[in-house]
Amino acid sequence: MNEKMKKLTGDVLVDIFSGILLTVAIYSFAIPADFPMTGVSGVALILYHLFRLPVGLMTILLNIPIILGCYKTLGKQFYLNSLKTTLITSFMMDALGPHCPVYQGELILAAICAGVLCGIGYAAVFMRNSSTGGFDFVMMAVRYYHPHLSLGRIAFVMDTVVIVIGGLLIGHINGIIYGIILNYLYSSVLDRILNGTNSGKLTMIITNVPQEMVRAVDEISGRGATILHATGGYTGEPREVVLCASSNKEMYSIRKKAHEVDENAFVIIVDSNEVIGEGFRLPGDNNVI
């Protein structure tokens, strides 16, 4: 099996997995609890209440300008991936939805479960450079032009606007509250998973034996470190700082090893939201836009 076929197989399996999670979130928790709709379907529902326009037709019509407007930005391959994902997840919903057990407990628990499952399901899709269409295209386009914004934050703002307007029109105030809770959990889980795939730790080790420390880091992580020349602010003496990026798991070993090499080492560990380079995500890798 060549690399292209392996990737396609992996994408399909991820789409099936995501479809199952989204189906359970929607049919087992969101629909029984009567939570407000989001995305393009939510906008279509708002237009129905305002102008009595058919929801199905408006959902299709609203998708047309979104597709045309975002095509140039997102590219052909992304749209092909999204078409595949949309077909697979839609099939999973139609096939499994009617057979999903219905949760009839507390609404707050339903919102929590739906939000977490949606966050995991959508994150898995976005990590494969794909989407489920609709507002996902808009989210990706906004992220393309404003890369400092996270997908979760963009999704939260967009969906919250739809939830609030739709809930006010229907007069379902409780639905607005639970919908925002669901949306917040969804966006938080989404960001946590997506950012976690590229995040790591940045370790700064102030030591008198920098070369030994660099070798120790290389033994643990298999990648090099950088020696920075510094000056002590109080003593004015020259100091050496070993700077290295590592995964969350490697950080604990590096911290332990640092004090084995130099018991007087001063170790500073900070979170790094994104690490790009050899051993991490490579430049130009757009699996997560």
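Note that the structure is a prediction, hence the values are computed from the model and not measured. Just so you know, these numbers use all the heavy atoms, side chains as well, and skip hydrogens, waters and symmetry mates.
- Put simply, M93 and L83 are part of two different groups of oily side chains (I, L, V, M, F, W, Y) that touch within less than 4.5 Å, one to the next.
- Here the CD1-CD1 distance, from I193 to I120, works out to 5.0 Å after rounding to the nearest 0.5 Å.
- If you chain together hydrophobic residues whose side chains sit under 4.5 Å apart, I163 and I26 never meet in one group.
- I20 has its side chain within reach of L96: a pair of non-hydrogen atoms, C-beta onward, lies under 4.5 Å apart.
- Closest approach of L117 to A25, counting heavy atoms only: CB-CB, 3.8 Å.
- Residue L22 comes nearest to C118 through the heavy atom pair CD2-CA, 3.9 Å, listed as atom of the first residue, atom of the second, then distance.
- Note that CZ of R128 is 13.5 Å distant from OG of S82, once rounded to the nearest 0.5 Å.
- In this structure E106 satisfies the salt bridge (Lys or Arg N to Asp or Glu O under 4.0 Å) test with no other residue, sequence neighbours excluded.
- Evaluation of the side-chain hydrogen bond (donor to acceptor under 3.5 Å, both in side chains) test over residues 60-76, restricted to residues two or more places apart or in two chains, returns T73-Y145.
- In terms of heavy atoms, A225 sits closest to V242 at CB-CG1, 3.8 Å.
- Considering only heavy atoms from C-beta on, C244 comes within 4.5 Å of I254 through its side chain.
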| Residue pair N208, R239: steps toward the side-chain contact (heavy atoms from CB on, under 4.5 Å) verdict | CA-CA 7 Å; N208 293 321; R239 304 298 299 271; 4.0 Å; yes

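- Residues S150 and L194 are not in side-chain contact: their nearest non-hydrogen atoms beyond the backbone lie 4.5 Å or more apart.
- Enclosure of atom OH in Y184 is not indicated, since only 12 or fewer non-hydrogen atoms of other residues, nucleotides or ligands lie within 6.0 angstrom.
- Taking CZ of F156 as the reference point, atom OG1 of T38 lies at 12.5 Å (rounded to 0.5 Å).
- Inter-residue side-chain proximity for Y103 and P32 is flagged as unmet; no heavy-atom pair is nearer than 4.5 Å.
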| task | Tell me, with the steps shown, if V40 and I66 meet side-chain contact (heavy atoms from CB on, under 4.5 Å). | result | CA-CA 10 Å; V40 174; I66 291 176; 3.8 Å; yes

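- Hydrophobic clustering keeps I180 apart from I31 (ILVMFWY residues linked when any side-chain heavy atoms are closer than 4.5 Å, directly or through intermediates).
- Separation of atoms CD1 (I181) and CD1 (I108) is listed at 3.5 Å; rounding is to 0.5 Å.
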| Residues M92, D15; criterion side-chain contact (heavy atoms from CB on, under 4.5 Å); working and verdict | CA-CA 9 Å; M92 298 301 295; D15 289 342; over 6 Å; no

| query | Do N174 and L107 pass the side-chain contact (heavy atoms from CB on, under 4.5 Å) test, and can you show the C-alpha distance, the side-chain angles, and the key distance before you say yes or no? | reply | CA-CA 10 Å; N174 284 342; L107 291 180; 5.9 Å; no

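- Using a 4.5 Å cut-off between side-chain heavy atoms of Ile, Leu, Val, Met, Phe, Trp and Tyr, with links allowed through other members, L13 and F91 fall into different hydrophobic clusters.
- Follow the hydrophobic side-chain contacts under 4.5 Å out from I154 and you reach I165 in the same cluster.
- Across every non-hydrogen atom of V14 and A124, the tightest pair is CG1-O, 3.5 Å.
- To the nearest 0.5 angstrom, S28 atom OG is 11.0 Å from Q104 atom CD.
- Taking 4.5 Å as the limit, every side-chain heavy atom of L151 sits out of range of all side-chain heavy atoms of Y122.
- Partner I205 forms a side chain to side chain contact (heavy atoms under 4.5 Å, CB included) with one of K257, E240, M213, H259 and no other, that one being M213.
- For T89 (side chain) and T86 (main-chain N/O), a donor-acceptor pair under 3.5 Å exists by modelled atom type.
- Listed for the N183 side chain is no donor-acceptor partner under 3.5 Å among the backbone atoms of D159.
- The CZ atom of F17 sits 14.0 Å away from atom CD1 of I88, with the distance rounded to the nearest 0.5 Å.
- Using a distance-only test at 3.5 Å, with no hydrogens or angles considered, no donor-acceptor pair links the side chain of T203 to the main chain of I269.
- Scanning both residues, V241 and A230, for their nearest heavy atoms gives CG2-CB, 4.0 Å.
- Side chains of L182 and F29 form no contact here, defined as non-hydrogen atoms less than 4.5 Å apart.
- Shortest non-hydrogen contact noted between V267 and A258 is CG2-CB, 4.0 Å.
- Contact check for D136 versus F126: side-chain heavy atoms found under the 4.5 Å cut-off.
- A 4.5 Å side-chain heavy-atom check between V164 and L168 finds at least one atom pair inside the cut-off.
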